[in-house]
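Structure first, then comments.
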Amino acid sequence: MSSVQLGDISPIEKSIYLNQDILFLAQFFLGKFLISQVENKVCITKIVETEAYKAPHDKGSHAFDNKRTKRTEIMFHEGGVSYVYLCYGIHNMLNIVTSVQDEAHAILIRAVEPLTGIDFMKSRRKIKPIKQLANGPGKLCQALGITREHNGNPYYSAKSLIWIGDNKTISDTEIIKSPRVGIAYAEECAHWPWRFRIKDNPFTSPPAQVVYKFK
DNA sequence: GCGACGATTCGCT
DNA sequence: GCGAATCGTCGCG
């Protein structure tokens, strides 16, 4: 059985989230624990894939050009809270807001590896194969019961419904860097290698490669 | 008020 | 590989 236990995990402290280097943080969070306690169902997972979204200059970011709207407002919050939004009217997407107040940096969690609470995740997803439970941004939210109601959730407290626990850092040589997924509209920004995956981890999301045509 | 669209997923051809 | 699902958000006026 799984050797991971909730009592052995400590939250990553708030100060880490204030780091203004989002490319560092997006890689730092690889391998860390993402814990959901939604509906009193404890699920422990490991983050295996992330993407960085860095306003104001990133055309792929919802907060491009520091656009402040009701939806993006949480991205301007001080780092350490969640940004959850609905995509295509169906799927919730989970982000980690980072950096200092008024600097809208967000890290999209694209895939996690299920460790405990797997039966809860199977039940929410209505599928059996463990590899497909959370290998995509919409899938992991469904598996962990995460919705827009959890927007603004603090990650640095073990009392939160969703929080992030410390674990050993993945070395640079074990990280695959490639262009981000689903943002062809972002023009030159679409090519930036801001998608990060743990090498050889079977729980990362498709597509294996993203190819954007030049305009 | 209205229309267009999306940081995706799934099922079917 | 392709298209539908499905609805909150945003820009326009």
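To find a chain, count down the sequence lines: A is the first, B the second, and so on, and within it residues start at 1. Everything quoted here is computed from the prediction, not taken from an experiment. The figures that follow rest on heavy atoms only: side chains count, while hydrogens, waters and symmetry mates do not.
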Atom-to-atom span, CZ of A:Arg125 to C1' of B:dG11 - whole angstrom: 14 Å
A:Arg68/A:Asp102 ion pair, N-O < 4.0 Å: yes
Proximity of A:Tyr155 and A:Phe29 rings by center, below 6.0 Å: no
Between P of B:dG6 and OH of A:Tyr185, the distance in whole Å: 8 Å
Nearest-angstrom distance from the residue atom OH of A:Tyr53 to C1' of B:dG6: 12 Å
Under 4.0 angstrom between A:Tyr88 side-chain N/O and B:dA7 OP1 or OP2: no
Nearest-Å distance once atom C1' is located in both B:dC5 and C:dG3: 16 Å
Residue-level proximity of residues 66-79 of chain A to DNA chain B when a heavy atom falls under 4.0 Å: A:Met75
Note: A:Asp172-A:Lys177 ion pair, threshold 4.0 Å (strictly below): yes
Lys/Arg N to Asp/Glu carboxylate O, A:Glu188 vs A:Lys59, below 4.0 Å: yes
Paired nucleotide for B:dG6 [Watson-Crick or G-U wobble; both distances under 3.5 Å]: C:dC7
Phosphate-side-chain proximity, A:Arg110 and B:dT8, N/O vs OP1/OP2 below 4.0 Å: yes
Smallest separation among heavy atoms of A:Ser61 and A:Ala55, with atom names: OG-CB, 3.9 Å
Minimum-distance pair of heavy atoms, taken over all atoms of A:Ala111 and A:Ser205: CB-N, 3.9 Å
Rounded distance (Å) that lies between atom P of C:dC10 and atom OH of A:Tyr85: 12 Å
Atom-pair distance (CG on A:Asp65; C1' on C:dC10), nearest Å: 15 Å
Residues A:Asp58 and A:Arg180 bridged, charged N to O under 4.0 Å: yes
For atom CD1 of A:Ile109 and atom P of B:dA7, their distance in whole Å: 17 Å
Atom-to-atom span, CG of A:Asn92 to C1' of C:dT6 - whole angstrom: 13 Å
Residues within residues 132-155 of chain A bordering DNA chain C, heavy-atom distance below 4.0 Å: A:Arg148
Parallel, tilted or perpendicular: ring planes of A:His62 versus A:Tyr83, cut at 30 and 60 degrees: perpendicular
Test item: A:Ser36 side-chain N/O and A:Val42 main-chain N/O as donor-acceptor pair under 3.5 Å: no
Sugar-phosphate only, base, or nothing, as touched by A:Ile90 at under 4.0 Å among non-hydrogen atoms: base
Rounded distance (Å) that lies between atom C1' of C:dC7 and atom NE2 of A:His91: 12 Å
